[in-house]
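Here the structure is laid out as structure tokens; the discussion comes afterwards.
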Amino acid sequence: LFVALAAIVWIAFIEPRRGAFDDTGSDEDEPRAETARRDLAAVFRTPTALLVFLQGIPGCVPWGVIIVYLQDYLQADLGLSLERSAMV
């Protein structure tokens with residue numbers, strides 16, 4: 001099914017030329033850093049993107065704690081063997 005869908009997309013859609021939709025404007029003397037700063041500010045003005053960032057950043061912390069410290073906690077504090085703590 002996925003191969004068939006991939007073939008349909010490959011045949012039916014044309015990939016745009018890279019950079020074809022970039023808004024470079026007619027201001028050739030405007031520095032690239034200023035354009036990038038303006039585009040980044042536009043992203044942060046979008047409420048949906050801001051909500052995603054605000055939810056995503058604190059949401060990464062618990063997974064990092066679980067991955068890094070859970071095995072050490074189970075082994076050191078609860079006295080489980082290395083194999084048992086890794087199984088959890």
Side-chain angles (χ1 to χ4, degrees):
L1 178 65
F2 294 113
V3 174
L5 287 174
I8 291 171
V9 169
W10 183 271
I11 294 168
F13 295 101
I14 299 171
E15 186 172 353
R17 189 174 44 91
R18 185 176 177 103
F21 296 103
D22 289 348
D23 183 26
T24 57
S26 61
D27 301 340
E28 291 298 325
D29 54 342
E30 184 178 11
R32 284 183 166 257
E34 182 62 34
T35 304
R37 196 175 304 119
R38 188 178 61 231
D39 291 345
L40 185 63
V43 167
F44 281 105
R45 279 194 302 270
T46 306
T48 307
L50 193 57
L51 182 64
V52 167
F53 292 138
L54 291 176
Q55 288 180 343
I57 293 168
C60 293
V61 174
W63 289 107
V65 170
I66 289 172
I67 290 169
V68 174
Y69 295 109
L70 182 63
Q71 186 176 0
D72 290 336
Y73 169 75
L74 292 174
Q75 188 178 3
D77 292 350
L78 297 183
L80 292 177
S81 67
L82 180 64
E83 293 81 18
R84 290 257 188 212
S85 65
M87 251 194 304
V88 173

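In this text, all values refer to a predicted model and were calculated from it rather than measured experimentally. Numbering starts at 1 and runs along the sequence shown.
- Summarising the geometry, atom CG belonging to L74 is positioned 10.5 Å from atom OG belonging to S81; distances are rounded to the nearest 0.5 Å.
- In the hydrophobic clustering of ILVMFWY residues, with side-chain heavy atoms under 4.5 Å counting as a link, L54 and L40 come out together.
- Rounded to the nearest 0.5 angstrom, D77 CG and Y69 OH are separated by 13.5 Å.
- Note that CE of M87 is 11.0 Å distant from CD of Q71, once rounded to the nearest 0.5 Å.
- No single ILVMFWY cluster, assembled from side-chain heavy atoms under 4.5 Å apart, contains both L70 and L82.
- For R84, the salt bridge (Lys or Arg N to Asp or Glu O under 4.0 Å) test picks out no residue, with sequence neighbours left out.
- In this structure, F13 shares a hydrophobic cluster with V9, the cluster being traced through Ile, Leu, Val, Met, Phe, Trp and Tyr side chains under 4.5 angstrom apart.
- For residues 33-52, every residue pair satisfying the ring pair (Phe, Tyr, Trp, His ring centres under 6.0 Å) rule, not counting sequence neighbours, is listed here: F44-F53.
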